[in-house]
Amino acid sequence: MTKPATPLVEVVDAARWFDVSPPWLERMISRRPRVDLRAVDGVTFTIRKGETLALVGESGCGKSTLARLLVGLYGLTRGDIRFDGRSLTSVHGAQAQALRRRRQMIFQDPYASLNPRWRVGRIIAEPLNALADMTSAQKRERVDALLRQVGLDPADRTRYPHQFSGGQRQRISIARALAARPEFLVCDEPTSALDVSVQAQVLNLMKDLQRELGLTYLFISHNLAVVHHVADRVGVMYLGRIVELAPRDSLFARPLHPYTRMLLSAIPDIRGGGHARTPVAGEVPNPLNPPPGCTFHPRCPHARDVCRQEAPAFLPAKGDAEVACHGVAQGWPDVMSPTAESAGRPVVPIAVEATP
Ligand SMILES: Nc1ncnc2c1ncn2[C@@H]1O[C@H](COP(=O)(O)OP(=O)(O)OP(=O)(O)O)[C@@H](O)[C@H]1O
Ligand SMILES: [Mg+2]
């Protein structure tokens, strides 16, 4: 696989906090301060043109919030996101709209994201309305081409979303996302609602489209076998931060962060009857009251005093990885041991079928 190095997306110390304070009056009476939930709290990484960067992490760690920041559905609380060299915080009006067109999102539940009262042709054509100088005939032609591109029939244009299967509906979502010829697709668990064989077909379709159209993907999934199948690089999130980001093969063969090892050791083992080998230990802390220092320290088998006191910096490590861990940065023998936790365990491959 070629690895073009030019960054398409540059995320610099991005943060998104949500005000989850009680209603204003109640706050005034009880004199309680404003409460912020730090869903994303200082992430820095780049996505290269043409690559697939996967994001993994337990529920609530901020993956969808980060996804929404990347396509402009949420604004930043702090930091910056640059797309093709342009800061998203410094563009407005028509320029911002043009940049928005180049970034599209595919959601987990295709049914919820497709208007049930619209015919498929209208759903797919909607993003084209924002593009000036397209005649109705040209729009119709484009919709037909998109339907073919995602493996559906142009005649499907006149049907409604409920008349399709889950996999077909996700193809409709993909066609709509592609309508305005974007370069960057943010896919938030796009195949989690599909059964295994349909999942493989949709994943293969996405890979084919990436090759044909030169697309760049941010791909969110809970399923590490899916991530292994699609990703060039993988970012691991924990409580609003990226704790490890590495090329796929080195992350799966030599995970460095103790949290990455914990996630990998929980992958079901097909030879063991499909059960997780080692369940992910402990609970994710309350994001409204995160632990001091390294937020992973209460669950980390290697934690020392420094972990309880200082947040680790996100630093380059072995194998092109970047890791936020005091033990990795300082080379603690118990953390660096190649036999620590799950290092090197194989991943169960997903069934891959030819795209119809
Ligand atoms: N609009 C919002 N207002 C307040 N809190 C929010 C909002 N959106 C998300 N959160 C909180 O931010 C945190 C991160 O949520 P997010 O949806 O990004 O997690 P996630 O990693 O996508 O989880 P999952 O894997 O379950 O989809 C959670 O604690 C969530 O409750
Ligand atoms: Mg989510």
Side-chain angles (χ1 to χ4, degrees), residues 9 11 13-24 26-27 32-45 47 52-79 81 103-113 170 173 177 185-194 199 202 217-228 230-231 234-245 257 259-260 262-264 266-268 276 279-280 282-291 295-296 298-299 314 324:
V9 182
V11 180
D13 191 32
R16 170 67 202 203
W17 300 359
F18 293 108
D19 181 357
V20 291
S21 316
W24 177 81
E26 202 181 304
R27 221 167 82 204
R32 272 193 278 165
R34 177 188 152 125
V35 183
D36 283 314
L37 188 149
R38 302 178 178 201
V40 173
D41 197 25
V43 298
T44 299
F45 63 97
I47 308 176
T52 298
L53 177 72
L55 266 190
V56 300
E58 285 161 289
S59 186
C61 67
K63 303 179 297 294
S64 296
T65 304
L66 179 54
R68 285 164 175 265
L69 286 172
L70 288 169
V71 291
L73 288 174
Y74 285 151
L76 286 159
T77 302
R78 184 182 79 231
I81 295 176
R103 301 168 285 144
Q104 295 290 329
M105 186 145 171
I106 298 171
F107 297 90
Q108 173 176 355
D109 180 354
Y111 200 55
S113 61
Q170 198 54 296
S173 303
L185 286 190
V186 173
C187 315
D188 193 354
E189 307 203 37
T191 60
S192 312
L194 307 176
Q199 168 177 288
V202 172
Y217 288 144
L218 179 92
F219 192 101
I220 295 172
S221 179
H222 277 113
N223 184 332
L224 289 167
V226 166
V227 166
H228 188 267
V230 301
V234 183
V236 180
M237 279 191 86
Y238 190 76
L239 226 60
R241 297 207 169 96
I242 293 183
V243 296
E244 177 160 5
L245 196 153
H257 197 287
Y259 178 59
T260 312
M262 194 185 271
L263 282 184
L264 291 188
I267 297 176
V280 176
E283 296 275 317
V284 181
N286 179 353
L288 287 172
N289 187 21
T295 53
F296 184 62
R299 299 170 78 185
F314 188 51

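The structure displayed is predicted, hence computed values, not measured ones. Read the numbers this way: they start at 1 and go in the same order the structure lists the ligands and their atoms. We're numbering straight along the sequence, starting at 1.
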For ligand 1, the portion of [X] having any non-hydrogen atom under 4.0 Å away:
X: M237; result: neither
X: Y74; result: side chain
X: S64; result: both
X: L37; result: side chain

(message) Within ligand 1, which atoms have a heavy atom of H222 less than 4.0 Å away?
(response)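 This gives 25 (O) as the contact atoms.
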(request) List every atom of ligand 1 that sits less than 4.0 Å from any heavy atom of V20, numbering the atoms from 1 in the order shown and giving each element. (result)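 By the 4.0 Å cutoff, the relevant atoms are 4 (C).
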Using heavy-atom distances, let me know which of [options] sits nearest [atom].
atom: atom 18 (O) of ligand 1; options: D188, L55, T65; answer: T65
atom: atom 26 (O) of ligand 1; options: G57, A67, S59, G60; answer: S59
atom: atom 25 (O) of ligand 1; options: E58, K63, R16; answer: K63

(message) With the threshold set strictly below 4.0 angstrom, can you tell me whether any protein non-hydrogen atom sits that near atom 2 (C) of ligand 1?
(response)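 Yes; the ligand atom in question has protein heavy-atom contact below 4.0 Å.
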(message) Would you say atom 23 (O) of ligand 1 makes contact with the protein, given that contact here means a non-hydrogen protein atom less than 4.0 Å away?
(response)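 So atom 23 (O) of ligand 1 has protein heavy-atom neighbours under 4.0 Å.
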[X] side-chain N/O to [Y] backbone N/O, donor-acceptor pair under 3.5 Å:
X: Q170; Y: P190; result: yes
X: R16; Y: G75; result: yes
X: S192; Y: Q108; result: no
X: R241; Y: D41; result: yes
X: S21; Y: V35; result: yes

(request) Please indicate whether any nitrogen or oxygen in C61 is less than 3.5 Å from any nitrogen or oxygen in ligand 1. (result)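 C61 vs ligand 1: N/O contact under 3.5 Å present.
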(message) Under 3.5 Å between any N/O of F18 and any N/O of ligand 1: does that happen in this structure?
(response)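 No, no N or O pair falls under 3.5 Å.
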(request) Could you tally the protein N/O/S atoms lying less than 2.8 Å away from the Mg ion (ligand 2)? (result)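 Excluding waters, the total comes to 1.
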(request) Answer yes when R38 and D36 have at least one side-chain N-carboxylate O distance shorter than 4.0 Å, and no when they do not. (result)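 No, no charged N to carboxylate O under 4.0 Å.
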(request) Determine the sole option in T52, T260, V227 for which the side-chain contact (heavy atoms from CB on, under 4.5 Å) test with V234 is passed. (result)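 Result for side-chain contact (heavy atoms from CB on, under 4.5 Å) with V234: V227.
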(request) Among all protein heavy atoms, pick out the one at the shortest distance from atom 29 (O) of ligand 1; state its residue, atom name and that distance to 0.1 Å. (result)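 Checked against all protein heavy atoms, atom 29 (O) of ligand 1 sits closest to P287 CG, 3.7 Å.
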Could you pull out every donor-acceptor pair under 3.5 Å between side chains of residues 62-74 and any protein atom, sequence neighbours left out?
{"residue": "K63", "atom": "NZ", "partner": "G57", "partner atom": "O", "Å": "2.9"}
{"residue": "K63", "atom": "NZ", "partner": "E58", "partner atom": "O", "Å": "3.3"}
{"residue": "S64", "atom": "OG", "partner": "D188", "partner atom": "OD2", "Å": "2.6"}

(request) List the steps, then state whether side chain to side chain contact (heavy atoms under 4.5 Å, CB included) holds for C187 with Y217. (result) CA-CA 7 Å; C187 315; Y217 288 144; 4.1 Å; yes
(message) Just so I know, are the side chains of M237 and L55 near enough to count as touching, which here means a heavy-atom distance under 4.5 Å?
(response)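 Result yes, sub-4.5 Å side-chain heavy-atom pair found.
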(request) Report yes if some heavy atom in the side chain of R299 is under 4.5 Å from a heavy atom in the side chain of Y238; otherwise report no. (result)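 Yes. Closest side-chain heavy atoms under 4.5 Å.
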(request) Decide side chain to side chain contact (heavy atoms under 4.5 Å, CB included) for V226 and Q199; before the verdict, give the C-alpha distance in whole Å, the side-chain angles of both, and the deciding distance to 0.1 Å. (result) CA-CA 9 Å; V226 166; Q199 168 177 288; 3.3 Å; yes
